[in-house]
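Accompanying notes for the structure given below.
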Amino acid sequence: MKVILVNGSPHKEGCTYTGLKEIEKVLRAEGIDSEIFWIGPAPLPGCHGCSKCLATGRCVFNDSVNEFLGKAEAADGFIFGSPVHFASAGGAITSFMDRAFYGKGKIFRLKPAAAIVSCRRGGATATFDQLNKYFTISSMPVVSSKYWNMIHGNTPEEVMKDGEGMQTMRELGRNMAWLLKCINAGKESGLVSPAQETPIKTNFIR
Ligand SMILES: Cc1cc2nc3c(=O)[nH]c(=O)nc-3n(C[C@H](O)[C@H](O)[C@H](O)COP(=O)(O)O)c2cc1C
């Protein structure tokens, strides 16, 4: 079983990474494979709404989103991390998530997910709420911890001093590992995935 931990920060090894690394340590101790996937420093365009991905499964912008989607198909669970920028997720990770999730339901359905957010001071819960919406529109079980998944600091060193935040990360890792093992045990016992109805699309025009 493998978890991809997406670092949605412009900093490769900054505060968000520090939180993800703490989760990764626990996942590995629990026997779960992992990979930290950095969205990268290059500008990431937002979704243009061309809907070409609905046919191809990949974005017309061939950047780290497509690289991630290739890996996501084989992954069993996900942690998405973002720095807080103006009390919201960073611009790059927002573009990344919009394009990774639009029309890609089959890749993510029934795979557990969690968000973590990193901030200096404020806007953490708003950002956390924003990221969780990608999971709850994609039939993904959301993994929680003993607090909302936030760490505080402006540098990795400060984040490491956030004892409660780091403990929240570790507990999240343990809960993710436990849920993955439960899902795997269910599959091995012959439990089948819930049936899906033919989608109904009701726009607000009657
Ligand atoms: C453009 C920008 C906006 C920011 N806005 C906020 C904010 O609204 N609230 C906050 O607490 N920190 C804010 N910060 C600070 C970062 O969230 C914080 O330093 C974070 O831990 C950085 O994570 P990283 O090292 O993974 O990028 C902002 C930083 C930047 C660059």
Side-chain angles (χ1 to χ4, degrees), residues 2-28 32-47 61 63-69 71-72 75 77-101 108 112-135 140 142-176:
K2 181 168 179 179
V3 172
I4 301 184
L5 302 99
V6 176
N7 177 9
S9 167
H11 304 120
K12 189 174 184 193
E13 298 192 352
C15 302
T16 307
Y17 170 86
T18 305
L20 293 173
K21 209 60 198 159
E22 192 73 357
I23 300 168
E24 185 179 53
K25 269 190 248 163
V26 174
L27 289 172
R28 292 203 171 166
I32 307 288
D33 285 342
S34 63
E35 174 180 348
I36 296 190
F37 181 92
W38 185 37
I39 64 170
L44 289 169
C47 178
F61 302 118
D63 54 20
S64 63
V65 173
N66 283 347
E67 192 192 336
F68 166 72
L69 289 171
K71 292 171 184 273
F78 302 91
I79 312 270
F80 291 89
S82 175
V84 173
H85 285 179
F86 292 95
S88 303
I93 185 67
T94 298
S95 295
F96 183 97
M97 299 287 279
D98 285 356
R99 289 166 47 216
F101 277 82
F108 298 107
I116 69 154
V117 302
S118 167
C119 74
R120 188 187 70 79
R121 191 165 177 83
T125 56
T127 306
F128 185 61
D129 292 346
Q130 179 186 336
L131 293 173
N132 278 316
K133 293 199 176 78
Y134 294 93
F135 317 143
M140 301 174 88
V142 178
V143 183
S144 59
S145 185
K146 67 182 186 57
Y147 197 84
W148 303 306
N149 308 332
M150 59 178 77
I151 40 173
H152 284 86
N154 222 19
T155 62
E157 294 70 33
E158 286 180 1
V159 169
M160 281 186 261
K161 288 186 197 154
D162 178 8
E164 184 169 354
M166 292 298 263
Q167 188 175 61
T168 302
M169 299 295 109
R170 292 192 294 277
E171 183 120 342
L172 176 61
R174 278 190 290 276
N175 291 350
M176 170 63 85

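Order of appearance sets the numbers: ligands from 1, and atoms from 1 within every ligand. Position 1 is the first residue of the sequence; numbering continues from there. What's counted below: heavy atoms across the whole structure, side chains too, no hydrogens, waters or symmetry copies.
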TODO: Give a yes/no on ligand 1: does G123 have at least one heavy atom closer than 4.0 angstrom to it?
DONE: no
- [ ] Please answer whether the main-chain N or O of F128 pairs with a side-chain N or O of N149 as donor and acceptor at a distance below 3.5 Å.
- [x] no
TODO: May I ask you to check whether F135 and F80 place their ring centres under 6.0 Å from each other?
DONE: yes
Open item on the list: Would the distance check show the side chain of R99 and the main-chain N or O of F61 forming a donor-acceptor pair, the cut-off being under 3.5 Å?
Closed with: yes
Task: Ligand-side contact atoms (ligand 1) for residue partner F86, heavy atom cut-off under 4.0 Å - done: 1 (C), 3 (C), 4 (C), 5 (N), 6 (C), 7 (C), 8 (O)
- [ ] Can you sort out which atoms of ligand 1 are near T16, meaning under 4.0 Å from one of its heavy atoms?
- [x] 23 (O), 24 (P), 26 (O)
Open item on the list: Checking the side chain of N175 only, and the main-chain atoms of V143 only, is there a donor and an acceptor separated by less than 3.5 Å?
Closed with: no
- [ ] Ignoring hydrogens, just give me the one of G122, G91, C119, G90 whose non-hydrogen atom is nearest atom 9 (N) of ligand 1.
- [x] G122
TODO: Say whether, by atom type as modelled, one donor and one acceptor occur between the side chain of E171 and the main chain of K146 under 3.5 angstrom.
DONE: no
Open item on the list: Students often mix this up, so state it plainly: with edges at 30° and 60°, are the rings of F108 and F101 parallel, tilted or perpendicular?
Closed with: parallel
- [ ] Measure the spacing between OH of Y17 and OG of S9 and express it to the nearest 0.5 Å.
- [x] 12.0 Å
- [ ] Write out the residue and atom name of the closest protein heavy atom to atom 27 (O) of ligand 1, then the distance separating them to 0.1 Å.
- [x] S9 OG, 2.6 Å
TODO: Any atoms of ligand 1 less than 4.0 Å from a non-hydrogen atom of G14? List them with their elements.
DONE: 25 (O)
Task: Ligand-side contact atoms (ligand 1) for residue partner A87, heavy atom cut-off under 4.0 Å - done: 7 (C), 8 (O)
Open item on the list: For the backbone of G90 and the side chain of S82, can you confirm whether one donor and one acceptor N or O come within less than 3.5 Å of each other?
Closed with: yes
- [ ] Please write down residue, atom name and distance for the protein heavy atom closest to atom 25 (O) of ligand 1.
- [x] C15 N, 2.8 Å
Task: Full working for side-chain contact (heavy atoms from CB on, under 4.5 Å) between T18 and E157 - done: CA-CA 9 Å; T18 305; E157 294 70 33; over 6 Å; no
Task: Per-atom contacts, ligand 1 versus R121 - under 4.0 Å to a heavy atom - done: 10 (C), 11 (O)
TODO: Return the residue, atom name and 0.1 Å-rounded distance of the protein heavy atom closest to atom 12 (N) of ligand 1.
DONE: R120 N, 3.4 Å
Open item on the list: Can you report which non-hydrogen protein atom sits closest to atom 28 (C) of ligand 1, along with the distance?
Closed with: V84 O, 3.3 Å
Task: Residue selection (non-hydrogen contact nearest atom 21 (O) of ligand 1) among A124, P83, S118 - done: S118
Open item on the list: Which residue and atom name correspond to the protein heavy atom nearest atom 3 (C) of ligand 1, and how close is it?
Closed with: H85 CA, 3.5 Å
